Trainee: 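Supplied in structure tokens, the structure appears directly below.
The structure presented is a predicted model; accordingly, all values stated were derived computationally and were not measured.
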Amino acid sequence: MLCLLVLIFICVVGCAPTNESLVQSEERLRKYVSTKINKNTVPNIVNKEVIFSLALYQIIDVKERENIISLKLYYFCAYYVSDLNWNPEEFGNITFLVFNDGWYWDPQIDIYNLISKEESTENKQYVFSHSIVIAKSHFVVAELSCVFDVTLFPNDVQNCTIIASQGVLDKTHYSLKYPFGNYGNLQIIPNEEWQLVEPIIIEEKLYYSNITAAQNQIHFKLLLKRRPSYFNKILIYPTVCISVLSAITFVIPIQSGEKISLISTLLLAQLVNLIVLTDSTPRSSKNFPNFGNFVIGNITIVALSLIKSMFTQNIYNGISNYPLPHFLTRILTSRLIWIFGLHPLKSVMEAEQRPAADQNFMKIDRVIFQENVLDSEEKQWNLLALVIERVFSVFHVTCLIFLFYS
């Protein structure tokens with residue numbers, strides 16, 4: 001028992017100087033690094049190059065109507081300092097140091113289409129023994145402005161470019177470099193509405209302006225594709241169904257009072273679909289959705305169908321006491337009516353030329369002829385309403401086919 005206590009005492013006493021020497025080595029190393037770089041002076045950057053990278057981690061939200069996209073990005077910025085290195089063996093095998101944000105010089109980098117930025121994790125600055133200084137290494141939630149083209153909504157593909165460059169007011173002369181090739185990405189948290197079509201494309205360009213000298217820009221191009229199943233179910237499919245229903249309303253008899261009320265309901269439903277579409281797309285006349293043109297075309301056709309139904313119902317029921325114009329009578333008695341699946345009216349001459357077997361039958365024919373004369377005007381107007389109904393039905397179906405294929 002005594003031997004065990006002595007062994008523990010020796011271990012504690014022997015280890016204490018080692019821990020103390022490690023703390024002292026870190027303090028000595030921090031003093032050494034402080035003589036090389038600090039937040040008030042610009043270090044001697046190797047080749048005047050600052051390494052900068054943005055990696056997409058998550059697509060948070062895409063607001064097409066406001067032309068704003070919210071992303072969670074991994075923000076990375078580093079540079080090499082020529083006279084900043086040390087031998088780890090001389091400082092207790094310490095290969096890097098961690099500092100709080102703002103402890104030493106941080107390059108000013110502007111993102112041109114940035115609206116707002118919020119740091120989601122605390123930034124730490126790192127200094128490595130082989131002259132590398134990491135000024136920024138943390139996640140940020142950024143809102144960016146992008147111009148969206150919703151012409152092919154909801155099967156659209158959006159191209160959003162993030163442009164980064166040296167700050168306009170930064171007097172330090174350096175250039176931005178992306179060291180990881182032409183593509184960059186992280187493991188992305190899936191988004192239910194949007195997906196990344198391909199890895200981020202990185203391009204370095206030289207930009208000239210009147211305010212500053214030539215600046216090196218890094219363009220991070222994001223190609224996003226919408227998942228269309230949601231809008232197909234709540235918008236596309238109902239609109240197509242309403243369009244088909246509006247095309248077959250001609251099967252309802254003219255004398256039925258339900259035709260006008262049904263067409264009015266279909267018109268209201270199309271207007272609701274147009275409101276849903278305008279809430280999901282930007283207010284742009286240049287990139288108006290093709291599906292929006294389809295909805296507007298349907299609204300126009302249904303509105304004309306409503307006017308036609310009121311007109312034909314008025315003809316069928318309201319103005320039968322007036323004689324039909326002669327040119328319309330000729331059309332209704334011609335064989336062209338067979339095209340619309342209707343029987344043409346018999347003319348007065350045909351009624352007068354009917355053969356009679358004897359005088360009794362001639363008397364009966366006179367009575368029938370007089371009744372036909374009394375009813376002929378009403379039948380002519382009724383037939384005219386049916387012809388107008390069939391003609392507009394053909395026009396309606398033709399317009400729908402044109403809208404579907406356009």
Side-chain angles (χ1 to χ4, degrees), residues 56 58-72 115 141 143-160 188-198 222-252 258-306 309 393 396-406:
L56 177 62
Q58 182 184 4
I59 303 171
I60 299 177
D61 190 17
V62 178
K63 303 175 183 177
E64 303 99 313
R65 191 173 184 180
E66 293 83 9
N67 288 323
I68 295 176
I69 182 172
S70 298
L71 304 173
K72 186 174 183 179
I115 299 176
V141 177
E143 282 193 347
L144 304 163
S145 63
C146 295
V147 179
F148 296 110
D149 185 0
V150 293
T151 305
L152 300 178
F153 175 89
N155 298 303
D156 50 332
V157 177
Q158 303 298 340
N159 185 1
C160 183
I188 298 178
I189 298 177
N191 185 277
E192 294 183 356
E193 184 179 357
W194 296 89
Q195 60 180 342
L196 193 65
V197 177
E198 57 187 18
L222 281 70
L223 199 62
L224 306 176
K225 183 179 181 180
R226 189 196 306 270
R227 304 178 193 269
S229 58
Y230 174 77
F231 287 101
N232 287 340
K233 293 176 182 178
I234 71 165
L235 192 60
I236 306 295
Y237 179 72
T239 303
V240 173
C241 291
I242 294 172
S243 302
V244 175
L245 285 176
S246 65
I248 61 177
T249 53
F250 69 92
V251 300
I252 302 176
E258 299 298 327
K259 174 173 284 192
I260 294 178
S261 60
L262 176 60
I263 296 176
S264 300
T265 304
L266 295 177
L267 179 61
L268 180 61
Q270 292 284 24
L271 290 173
V272 171
N273 289 337
L274 184 61
I275 293 174
V276 174
L277 179 64
T278 55
D279 289 339
S280 304
T281 54
R283 299 176 180 177
S284 173
S285 301
K286 182 179 179 180
N287 300 320
F288 192 75
N290 293 334
F291 179 72
N293 294 327
F294 175 77
V295 175
I296 293 176
N298 271 284
I299 291 174
T300 305
I301 296 173
V302 175
L304 293 175
S305 179
L306 180 60
S309 297
S393 299
H396 193 153
V397 174
T398 305
C399 290
L400 280 181
I401 294 174
F402 175 77
L403 288 175
F404 275 118
Y405 282 96
S406 61

Trainee: Mind checking what makes side-chain hydrogen bond (donor to acceptor under 3.5 Å, both in side chains) contact with T249, not counting sequence neighbours?
Mentor: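 Once residues adjacent in sequence are excluded, T249 has no partner under the side-chain hydrogen bond (donor to acceptor under 3.5 Å, both in side chains) criterion.
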Trainee: Is there a side-chain contact between E192 and Y230 in this structure, where contact means two heavy atoms from C-beta onward sitting under 4.5 Å apart?
Mentor: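 Heavy-atom side-chain distance check fails, nothing below 4.5 Å.
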Trainee: Does atom CZ (F404) have a neighbourhood of more than 12 heavy atoms from anything else shown, all under 6.0 Å?
Mentor: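 Yes, CZ of F404 has more than 12 neighbouring heavy atoms, counting only those of other groups under 6.0 Å.
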Trainee: Would the distance check show the side chain of R227 and the main-chain N or O of N191 forming a donor-acceptor pair, the cut-off being under 3.5 Å?
Mentor: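 Yes.
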Trainee: Working to the nearest 0.5 angstrom, can you tell me the gap between T300 OG1 and L267 CG?
Mentor: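 So the gap between those two atoms works out to 9.5 Å.
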Trainee: Kindly compute the distance separating CG (N298) from OG1 (T239), expressed to the nearest 0.5 Å.
Mentor: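 Here the rounded value is 7.5 Å.
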Trainee: Would I296 and F288 count as a side chain to side chain contact (heavy atoms under 4.5 Å, CB included) if you check the C-alpha gap in whole Å, the side-chain angles of each, and the deciding distance to 0.1 Å?
Mentor: CA-CA 11 Å; I296 293 176; F288 192 75; 3.9 Å; yes
Trainee: Taking disulfide bond (SG atoms under 2.5 Å apart) as the definition, give me every residue that meets it alongside C160, ordered by chain and number, with sequence neighbours left out.
Mentor: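 Only C146 meet the disulfide bond (SG atoms under 2.5 Å apart) criterion with C160.
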Trainee: What heavy-atom pair brings F291 and F153 nearest, and what distance separates the two atoms?
Mentor: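 Result for this residue pair: CB-O, 3.9 Å.
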Trainee: Report the residues that fulfil side-chain contact (heavy atoms from CB on, under 4.5 Å) with V397, sequence neighbours left out, ordered by chain and then residue number.
Mentor: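 side-chain contact (heavy atoms from CB on, under 4.5 Å) list for V397, sorted by chain: A247, I401.
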Trainee: What heavy-atom pair brings P154 and I236 nearest, and what distance separates the two atoms?
Mentor: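 That would be CD-CD1, 4.0 Å.
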Trainee: Just to verify, what does S70 make a side-chain contact (heavy atoms from CB on, under 4.5 Å) with, not counting sequence neighbours?
Mentor: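 By the side-chain contact (heavy atoms from CB on, under 4.5 Å) rule, S70 matches I60, D61, E143.
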Trainee: Just wondering, do D156 and F148 contact through their side chains at under 4.5 Å, heavy atoms?
Mentor: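 Heavy-atom side-chain distance check fails, nothing below 4.5 Å.
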Trainee: Test of understanding: with side-chain contact (heavy atoms from CB on, under 4.5 Å), list the residues that count as partners of V147, not counting sequence neighbours.
Mentor: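 Partners of V147 by the side-chain contact (heavy atoms from CB on, under 4.5 Å) criterion come out as none, since no residue qualifies.
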Trainee: With rounding to the nearest 0.5 Å, note down the distance linking CG in L266 to CD1 in I299.
Mentor: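 Between L266 CG and I299 CD1, I get 12.0 Å after rounding to 0.5 Å.
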Trainee: Could you tell me which non-hydrogen atom of L277 sits nearest to which non-hydrogen atom of G292, and how far apart they are?
Mentor: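 Closest approach of L277 to G292: CD2-CA, 3.2 Å.
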Trainee: Drop me the distance from E66's CD to R283's CZ, to the nearest 0.5 angstrom.
Mentor: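 Result: 8.5 Å between the selected atoms.
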Trainee: Which pair of heavy atoms, one from V302 and one from S246, lies closest together, and at what distance?
Mentor: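 In terms of heavy atoms, the two residues are closest at CG2-CB, 3.8 Å.
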Trainee: Which atoms form the tightest heavy-atom contact between G297 and L403, and what is the distance?
Mentor: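 G297 and L403 have their closest heavy atoms at C-CD1, 3.8 Å.
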Trainee: Measure the shortest side-chain to side-chain distance between F250 and H396 over non-hydrogen atoms and say whether it is less than 4.5 angstrom.
Mentor: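 Side-chain contact under 4.5 Å: no.
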Trainee: Could you check whether any side-chain heavy atom of I59 comes within less than 4.5 Å of a side-chain heavy atom of L71, counting everything from C-beta outward?
Mentor: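 With C-beta onward as the side chain, the pair touches.
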Trainee: My understanding is that only residues two or more places apart in sequence, or in another chain, count here; which of them pass side-chain contact (heavy atoms from CB on, under 4.5 Å) with P282?
Mentor: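 By the side-chain contact (heavy atoms from CB on, under 4.5 Å) rule, P282 matches E64, N67, V150.
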Trainee: Side-chain contact, heavy-atom cut-off 4.5 Å: L224 with L196?
Mentor: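 Yes, their side chains come closer than 4.5 Å.
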Trainee: Quick check: does any side chain N or O of S305 sit under 3.5 Å from a backbone N or O of I301, one acting as donor and the other as acceptor?
Mentor: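 Not confirmed, S305 side chain does not pair with I301 backbone.
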Trainee: Do V276 and D279 come close enough that some side-chain heavy atom pair is under 4.5 Å?
Mentor: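 With C-beta onward as the side chain, the pair stays apart.
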Trainee: Of the non-hydrogen atoms in V157 and K225, which two are nearest, and what is the gap between them?
Mentor: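 Scanning both residues completely, I find the closest heavy atoms to be CG2-CG, 3.9 Å.
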Trainee: Within this structure, what is the CD1-NZ distance for the pair I68 and K63, rounded to the nearest 0.5 Å?
Mentor: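 Taking CD1 in I68 and NZ in K63, the distance rounds to 6.0 Å.
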Trainee: Calculate, to the nearest 0.5 Å, the distance between atoms CG and CG belonging to L235 and L274 respectively.
Mentor: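 Taking CG in L235 and CG in L274, the distance rounds to 9.5 Å.
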